[in-house]
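The structure under discussion appears below in the form of structure tokens.
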Amino acid sequence: MLRTSVRLLCSVTKRNISIYNRIFQNVPKQFSPVHNAGIARTMYTTPKLSMFIQTQDTPNPNSLKFLPGCAVLEPGQTMDFPTGQAAYISPLAKILFRIDGVKSIFFGPDFITVTRQGEDVDWKLLKPEIFASIMDFFASGLPVLKEGVPNSDTQINEDDSEVVQMIKELLDTRIRPTVQEDGGDIVFLSFEDGIVKLKMQGSCSNCPSSLVTLKNGIQNMMQFYIPEVLAVEQVEDEAQKMANKTFEEFEKKNSLKADE
């Protein structure tokens with residue numbers, strides 16, 4: 001009988017990458033988790049498919065980066081889904097938001113960042129569902145996006161001033177690649193009166209170290225290369241503000257119930 005195995009290999013690299021090797025064969029569909037000697041194995045049966053999915057930690061303890069080993073978006077593109085309502089344009093994001101405990105989703109060129117609702121949500125319980133959902137999606141052949149345009153904010157336009165062009169060039173070549181490596185992205189919003197306004201996405205959104213990254217990292221670099229930059233500020237859009245407010249209210253209600 002042909003079977004499908006999922007092998008978890010821990011501490012593969014310095015980044016603590018976990019590799020799941022899923023090999024699917026043509027047998028009746030089943031699911032049966034097996035735990036033996038510290039190695040997690042999951043038996044699946046589905047149409048034949050072979051795929052490596054890796055996980056990588058991010059500076060945000062509530063965000064985890066998943067690398068399916070294939071293209072998610074085009075090179076250099078990203079897409080942010082801060083709420084489930086924003087996921088209507090992406091079949092993949094919609095599937096992931098159905099998982100209990102998922103707060104937000106972010107797509108990069110070759111990765112998916114999932115942010116959990118809080119530290120009380122155990123990654124050990126959440127990860128198997130995310131792995132299965134990613135595998136099922138890519139097996140379906142559906143497009144990652146039905147509509148919508150991924151981030152292209154750093155594209156230099158003809159009407160951009162010389163300073164804005166330098167800011168975008170610096171973001172694209174020196175800053176965004178590093179941020180994307182950590183499972184997030186930075187969106188350029190505007191430059192006015194010496195102030196650069198940026199939006200943090202993915203693992204960078206609500207990250208405990210995002211302010212330090214913004215001021216000590218991005219602001220210092222921009223001021224070094226572009227003297228016209230006086231400061232860098234983070235801006236949240238209305239969807240993110242509403243999502244944060246709703247989440248805070250939910251946490252407050254749960255805290256009150258626990259105290260009763």
Side-chain angles (χ1 to χ4, degrees), residues 6 8-22 49-84 86-87 89-99 101-116 121 123 126-146 148-154 171-187 199-207 209-210 213:
V6 180
L8 171 59
L9 307 178
C10 300
S11 301
V12 176
T13 70
K14 293 181 180 179
R15 292 181 177 274
N16 295 322
I17 295 178
S18 301
I19 301 179
Y20 279 67
N21 182 15
R22 296 168 180 262
L49 180 64
S50 179
M51 190 175 193
F52 276 101
I53 300 179
Q54 305 177 54
T55 63
Q56 182 176 307
D57 293 335
T58 75
N60 187 345
N62 289 323
S63 296
L64 197 60
K65 186 177 176 182
F66 292 79
L67 298 95
C70 61
V72 179
L73 297 176
E74 295 297 322
Q77 292 184 340
T78 61
M79 197 79 176
D80 190 35
F81 303 94
T83 66
I89 63 172
S90 171
L92 175 55
K94 286 171 67 175
I95 291 173
L96 293 171
F97 269 112
R98 291 173 188 165
I99 301 173
V102 171
K103 181 183 178 183
S104 64
I105 304 294
F106 179 81
F107 295 160
D110 60 354
F111 67 87
I112 301 161
T113 299
V114 177
T115 299
R116 61 184 179 179
V121 178
W123 280 119
L126 202 59
K127 283 197 292 185
E129 291 191 67
I130 296 173
F131 280 116
S133 295
I134 292 174
M135 176 60 67
D136 289 344
F137 172 80
F138 283 105
S140 72
L142 292 171
V144 174
L145 297 176
K146 291 192 301 183
V149 180
N151 289 339
S152 58
D153 58 286
T154 50
L171 282 170
D172 246 2
T173 59
R174 301 293 297 274
I175 298 173
R176 290 184 70 205
T178 301
V179 175
Q180 288 180 13
E181 184 67 22
D182 286 332
D185 200 8
I186 294 177
V187 177
K199 178 184 175 184
M200 312 289 274
Q201 295 183 332
S203 63
C204 297
S205 179
N206 298 318
C207 176
S209 61
S210 62
T213 300

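One is the number of the first residue; the rest follow in order along the sequence. All heavy atoms count here, side chains included; hydrogens, waters and symmetry mates do not.
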Handout entry: Heavy-atom pair with the smallest gap, counting every atom of Gly76 and Gln180
Key = O-NE2, 4.3 Å

Completion exercise
Hits for ring-ring contact (aromatic ring centres under 6.0 Å, His included) against Phe66, two or more places apart or cross-chain, chain-then-number order -> Phe131

Practice task
Could you tell me whether the side chain of Arg116 and the main chain of Leu64 form a donor-acceptor pair under 3.5 Å?
Solution key: no

Handout entry: Leu67 CG to Phe52 CZ distance, which is reported to the nearest 0.5 Å
Key = 13.0 Å

Problem - Lys199 NZ to Cys204 SG distance, which is reported to the nearest 0.5 Å - result: 12.5 Å

Practice task
Mind checking side chain to side chain donor-acceptor pair (under 3.5 Å) for Arg174 and listing every partner two or more places apart, or none if nothing turns up?
Solution key: Tyr225

Handout entry: Any donor-acceptor pair under 3.5 Å from Ser203 side chain to Asp182 backbone
Key = yes

Problem - From Asp80 atom CG to Met200 atom CE, the distance as rounded to the nearest 0.5 Å - result: 12.0 Å

Handout entry: Closest contact, heavy atoms only, Cys70 versus Phe138
Key = SG-CE2, 3.7 Å

Under 3.5 Å, sequence neighbours excluded: what are the donor-acceptor pairs made by side chains of residues 91-99?
none

Fill in the blank from the handout: CD1 (Ile186) and OG1 (Thr78) are apart, to the nearest 0.5 Å, by 10.5 Å

Problem - Gln56 side chain vs Glu181 backbone, donor-acceptor pair below 3.5 Å - result: yes

Practice task
Kindly compute the distance separating CD1 (Ile105) from CD1 (Ile130), expressed to the nearest 0.5 Å.
Solution key: 7.0 Å

Practice task
Answer yes or no: is there a donor N or O on one side and an acceptor on the other, between the side chain of Thr115 and the main chain of Ser63, under 3.5 Å?
Solution key: no

Exercise for the section: Enter the distance from Lys127:NZ to Ile134:CD1 here, rounded to the nearest 0.5 Å. Expected result: 11.5 Å

Exercise for the section: For residues Pro68 and Phe111, report the shortest heavy-atom separation together with the two atoms involved. Expected result: CD-CA, 4.3 Å

Problem - Test side chain to side chain contact (heavy atoms under 4.5 Å, CB included) applied to Val121 and Lys103, step by step - result: CA-CA 10 Å; Val121 178; Lys103 181 183 178 183; over 6 Å; no

Exercise for the section: Under the side chain to side chain contact (heavy atoms under 4.5 Å, CB included) rule, what do Phe137 and Val144 come out as? Steps first, then yes or no, please. Expected result: CA-CA 9 Å; Phe137 172 80; Val144 174; 3.9 Å; yes

